[in-house]
Enquirer: 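The following block contains the structure, expressed as structure tokens.
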Amino acid sequence: MGKVLIIGAGGVGTVVANKVAQNPDVFTEIVLASRTKSKCDAIAKAIGSDRITTAQVNADNVDELIELFNTHKPDIVINVALPYQDLTIMDACLATGVNYLDTANYEPLEEAKFEYSWQWAYKKRFEEAGLTAILGCGFDPGVSGVYTAYAAKHHFKEMQYLDIVDCNAGDHGKAFATNFNPEINIREVTQKGKYWENGEWIETEPHEIHKPLNYPNIGARESYVLYHEELESLVKNFPTIKRARFWMTFGQEYLTHLRVIQNIGMARIDPIMYNGVEIVPIQFLKAVLPNPGELGVNYHGETSIGCRIKGIDKQGKVLTYYVYNNCSHEAAYKETGAQGVSYTTGVPAMIGAMMFLKGEWKRPGVWNVEEFNPDPFMEQLNKQGLPWHEQFNIDIEL
């Protein structure tokens, strides 16, 4: 059906390349590009597909991206590079007539901040160019938004309370490691929390609100309120929501390491001078921490991510609803060579691109995933390795 260009060769890029190659009826040609071409070559070799072409690109450089896009002429770009690079890639898409999809919203390099305003500002330009940009098509953001749209379409007359719950109950055997890019991960979980309630944002100290929640097949895990980007778009697109929160599990050992990293200044994102050389502490820390893309070998256990929703059903009665997926780290690694956190992000990114190429999610402008029809996406989740489950009128604990 079309040609796809994947930018990024980390754990998520590995999963996207694998899943794209598994669907040759949709993705007729594949290009994999990153700053380090040898990483792309290794992924292509491991997959063993002669349909994957590899390339080198610095995604910070619009001119390099334009040259890459003009050379390969893809129908859509799947951006699984760094969030700092979203805007340069979107600029290159506009310059070359290429459609766009990412898994995380733009973040400025100098400030840890979740905000869609920079990308939403591109809406008119993409409309006028006749191009589609799909934002936040990983799991959370991504599937969490599709789950919410599916619940609104099929089960609720009015959604009132939304809690996105994200548990990683896996064990990689490392003293401390992050499940995706350490720089992005640490910036994300150390910033202040925030949630939506009664028409306004309530800010909290990092990890201030927490409680044990029970996850299917896993049991109780201490869960913490963070701010996550999909909350911003979901409360805009579903205005009946009175309260929306995002919860994530952390072990005590992880939090202790995180606290020490912050206390000694290694989480700083501003440059310092060291032996006459300017370095950013968190980027140096990233260089010495385990590579998230290589955690899968000994990873066991599973993730459990879903939406717990309370509101009024189609018949006017109070309804509680839980839709979720559990993903095995071992199964993810066996299939793609990457651990479960990469898998749960990479599979939805592929499905989003599939939705575009099939014409299901094709609309000029800049859109969040919940603004499209959730049904064909939900169908593909079951087919592509992330089956979902529903529970009705249960204690959602929130």
Enquirer: Would you mind listing every ring pair (Phe, Tyr, Trp, His ring centres under 6.0 Å) that reaches into residues 273-306, with sequence neighbours excluded?
Expert: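 Matches after skipping sequence neighbours: H172-Y299, Y299-H329.
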Enquirer: Counting only heavy atoms from other residues, nucleotides and ligands, does the tally under 6.0 Å from NZ of K45 exceed 12?
Expert: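 It does not: K45 NZ has 12 such atoms or fewer within range.
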Enquirer: Pairs in or reaching into residues 77-87: which pass salt bridge (Lys or Arg N to Asp or Glu O under 4.0 Å), with residues at least two apart or in two chains?
Expert: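 Listed by first then second residue: nothing to list.
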Enquirer: Just checking K194: does its NZ atom have more than 12 heavy atoms from other residues, nucleotides or ligands closer to it than 6.0 angstrom?
Expert: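 Atom NZ in K194 is crowded, with more than 12 foreign heavy atoms closer than 6.0 Å.
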Enquirer: Please give the remaining members of the hydrophobic cluster of Y333, linking ILVMFWY side chains under 4.5 Å, ordered by chain and number.
Expert: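 Its cluster partners, ordered by chain and number, are V297.
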Enquirer: Members other than V62 in its cluster, when Ile, Leu, Val, Met, Phe, Trp, Tyr link by side-chain heavy atoms under 4.5 Å?
Expert: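 Besides V62, the hydrophobic cluster comprises I66, listed by chain and residue number.
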Enquirer: Applying salt bridge (Lys or Arg N to Asp or Glu O under 4.0 Å), which residue pairs with at least one partner in residues 1-16 are found, sequence neighbours left out?
Expert: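 Sorted pair list: K3-E29.
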Enquirer: Hey, could you give me each pair passing salt bridge (Lys or Arg N to Asp or Glu O under 4.0 Å) that has a residue in residues 151-163? Not counting sequence neighbours.
Expert: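 Sorted pair list: K153-D375, D163-R243, D163-R245.
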Enquirer: Side chain to side chain contact (heavy atoms under 4.5 Å, CB included) with A338: which residues, sequence neighbours excluded?
Expert: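 Result, side chain to side chain contact (heavy atoms under 4.5 Å, CB included) vs A338: V15, T336, S342.
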Enquirer: One thing to verify: whether E208 and K192 come together as a salt bridge, which I'm taking to mean a side-chain N less than 4.0 angstrom from a carboxylate O.
Expert: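 Salt bridge between K192 and E208, a charged N being under 4.0 Å from a carboxylate O: no.
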Enquirer: Could you list the residues that satisfy salt bridge (charged side-chain N to carboxylate O under 4.0 Å, His left out) with D63, not counting sequence neighbours?
Expert: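 D63 satisfies salt bridge (charged side-chain N to carboxylate O under 4.0 Å, His left out) with no other residue.
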Enquirer: What residues, two or more places apart in sequence or in another chain, satisfy side chain to side chain contact (heavy atoms under 4.5 Å, CB included) together with Q252?
Expert: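 Q252 satisfies side chain to side chain contact (heavy atoms under 4.5 Å, CB included) with Y224, L255 once adjacent residues are dropped.
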Enquirer: Return each pair, listed once, that meets salt bridge (Lys or Arg N to Asp or Glu O under 4.0 Å) where at least one residue sits in residues 307-322; pairs must be two or more places apart or across chains.
Expert: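 Listed by first then second residue: R308-E397.
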Enquirer: Could you tell me which residues satisfy salt bridge (charged side-chain N to carboxylate O under 4.0 Å, His left out) with R268, sequence neighbours excluded, listed by chain and number?
Expert: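 So R268 forms a salt bridge (charged side-chain N to carboxylate O under 4.0 Å, His left out) with D270.
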Enquirer: Tell me, please, which residues at least two apart from P108 pass side chain to side chain contact (heavy atoms under 4.5 Å, CB included).
Expert: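 Side chain to side chain contact (heavy atoms under 4.5 Å, CB included) list for P108, sorted by chain: Y106, E110, E111, W118.
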